[in-house]
Amino acid sequence: MTHANGSILQRLKGTSLVTRIIIGLIAGIALALIAPSSASAVGLLGKLFVMALKAVAPVLVFVLVIAAIANHTPGERTHIRPILVLYLIGTFSAAVVAVLASSLFPSTITLTTGAADLAPPGNISEVLLSLLGSAVANPVTALMEANFIGILVWAVGLGIAIRQGSETTRNVFSDLSHGVSLIVRVVISFAPLGIFGLVASTLAESGIGVLADYAHLLAVLLGCMLFVAFVVNPLIVFWKIRRNPYPLVLTCLRESGITAFFTRSSAANIPVNLQLSEKLGLHEDTYSVSIPLGATINMAGAAITITVLTLAAVKTLGIAVDIPTAILLSVVASICACGASGVAGGSLLLIPLACSLFGIPSEVAMQVVAVGFIIGILQDAAETALNSSTDVLFTAAACMASGDVDEARAEQIG
């Protein structure tokens, strides 16, 4: 028996991480169906995995960005600007898709008597001011609170300053980045156990029966996200790299989207995306900045959630929507999405901003937010998978378009 167990473990070690994650997924579903009480108990594995990812992500980004900039060769190009353009195009396109889908398949919701006791921002200026405030936050506070905008600003500043220092100092940060990256690889190797715990506990505690009343709304939300993932994003990538985009799209969805789906946190998925970027042979000076930045501002899934739920409330209340207002909603949803936090359910608190366009009072808007939390089991998971996988997708597209990528590795994805 011991020999047989050892043989199974050896075979598992020889399989890819994605294969092991799928095995963990299936095992989690099976445990939830067979022994719900045990499934709830193993939820600890999932919580520990997500906590470990969130703990290591701020330190990894801080050290990696400093090392990349401090050791940057003068005259060597990075591609942050075209990636930012892709982020903005992708987020706005997703909002437009959501408007069209909501017009073709209008949804209504049952407004509840009570809503979550939460405090959303009052207007767009508050969202933008919050982003600016994050940029000038105390660096220690930024690291403790996983404020990636603040972490990036300080890391870039220190990286530029350290470039003027000695080679020994620059080597210290380079060695630190390799050390932290090693820790990240160890944490990610536990992803199958983490996914197993997350899936088992979620199904055991929540089930899927609670989603039945909102099947149509969920179908519109998930349909929009799938359409963006498999049609809109590939079109944007094809426009950028002028070749078949699907090998890259599927690679990003498989190796980034799956873990993001279950962790439901763009911030927690940053280490996964950084490792995937390295695996794809992308430019380190580029992806070390674009990936954590994308976790904050590249929010196609959030734009879809904000738009669909807002228009569902509009339809329920019988408010007419004209084309200019729909276009304005797409813009507002895109801006709001950039302010969505990189944690589970972050986009829902921005729904009241979009609802205010139609004169919907905050009391009613917060009831829409409460509905969002009910369907969040699937909605937030799919939203995060789209958001996070797109960070790597657009970073890779920009690097490939410029030819600044390891060709041997690029060939592996077509």
Side-chain angles (χ1 to χ4, degrees), residues 17 49-81 83-84 134-191 256 265-296 342 391-392 395-396 398-399 402 404-406 408-409:
L17 179 63
F49 175 63
V50 174
M51 288 172 63
L53 283 174
K54 288 183 176 180
V56 76
V59 179
L60 172 65
V61 170
F62 188 66
V63 174
L64 191 65
V65 172
I66 290 177
I69 293 177
N71 292 284
H72 177 69
T73 303
E76 191 175 11
R77 294 180 58 194
T78 57
H79 313 285
I80 299 301
R81 185 177 298 175
I83 293 172
L84 288 175
S134 297
V136 296
N138 181 290
V140 176
T141 303
L143 283 167
M144 291 176 62
E145 297 179 353
N147 166 16
F148 287 97
I149 292 293
I151 290 170
L152 277 174
V153 169
W154 279 98
V156 169
L158 284 172
I160 293 173
I162 292 171
R163 286 178 67 177
Q164 315 305 317
S166 66
E167 184 177 353
T168 302
T169 304
R170 294 196 297 272
N171 288 337
V172 167
F173 278 93
S174 180
D175 291 340
L176 273 174
S177 72
H178 290 307
V180 177
S181 297
L182 177 60
I183 295 174
V184 168
R185 283 194 286 272
V186 172
V187 171
I188 292 175
S189 69
F190 285 95
S256 172
S265 171
S266 295
N269 214 49
I270 286 175
V272 177
N273 284 347
L274 290 172
Q275 187 179 57
L276 176 56
S277 298
E278 181 183 4
K279 179 179 177 181
L280 294 175
L282 307 184
H283 194 283
E284 185 177 9
D285 290 359
T286 298
Y287 73 71
S288 62
V289 176
S290 68
I291 295 300
L293 185 62
T296 303
D391 295 345
V392 185
T395 298
C399 289
S402 65
D404 199 359
V405 64
D406 187 324
R409 297 183 186 180

Say you draw a straight line from [atom1] of [X] to [atom2] of [Y]; how long is it, rounded to the nearest 0.5 Å?
X: I66; Y: I160; atom1: CD1; atom2: CD1; value: 11.5 Å
X: L282; Y: L274; atom1: CG; atom2: CG; value: 10.5 Å
X: N273; Y: D391; atom1: CG; atom2: CG; value: 5.5 Å
X: M51; Y: L53; atom1: CE; atom2: CG; value: 11.5 Å

With a 4.5 Å cut-off on side-chain heavy atoms, are [Y] and [X] touching?
X: R185; Y: L182; answer: yes
X: H283; Y: T395; answer: no
X: I80; Y: L84; answer: yes
X: T286; Y: C399; answer: yes

Using every non-hydrogen atom in the two residues, find where [X] and [Y] come nearest and quote the distance to one decimal.
X: V59; Y: A55; result: CG2-O, 4.2 Å
X: P271; Y: L60; result: CA-CD2, 3.9 Å
X: L143; Y: F62; result: CD2-CB, 3.9 Å
X: S277; Y: Y287; result: CB-CG, 3.5 Å
X: A142; Y: I151; result: O-CD1, 3.7 Å
X: I270; Y: I291; result: O-CG2, 4.1 Å

Handout entry: Stepwise side chain to side chain contact (heavy atoms under 4.5 Å, CB included) check, V289 with I83
Key = CA-CA 10 Å; V289 176; I83 293 172; over 6 Å; no
Practice task
Please check if the side chain of N269 supplies one atom and the backbone of S256 the other of a donor-acceptor pair under 3.5 Å.
Solution key: yes
Practice task
State whether the side chain of W154 and the backbone N or O of A137 hold a donor-acceptor pair below 3.5 Å, judged by distance alone.
Solution key: yes
Practice task
Kindly indicate, with the supporting measurements, whether the criterion side chain to side chain contact (heavy atoms under 4.5 Å, CB included) is fulfilled by V272 and Q275.
Solution key: CA-CA 5 Å; V272 177; Q275 187 179 57; 5.8 Å; no
Handout entry: V136 and V153: CA distance, side-chain angles, deciding distance, side chain to side chain contact (heavy atoms under 4.5 Å, CB included) verdict
Key = CA-CA 8 Å; V136 296; V153 169; over 6 Å; no
Practice task
Enumerate the residue pairs fulfilling side-chain hydrogen bond (donor to acceptor under 3.5 Å, both in side chains) with a member in residues 171-183, sequence neighbours excluded, ordered by first and then second residue.
Solution key: none
Problem - Q164 vs R170, side chain to side chain contact (heavy atoms under 4.5 Å, CB included): CA-CA, chis, key distance, verdict - result: CA-CA 9 Å; Q164 315 305 317; R170 294 196 297 272; over 6 Å; no
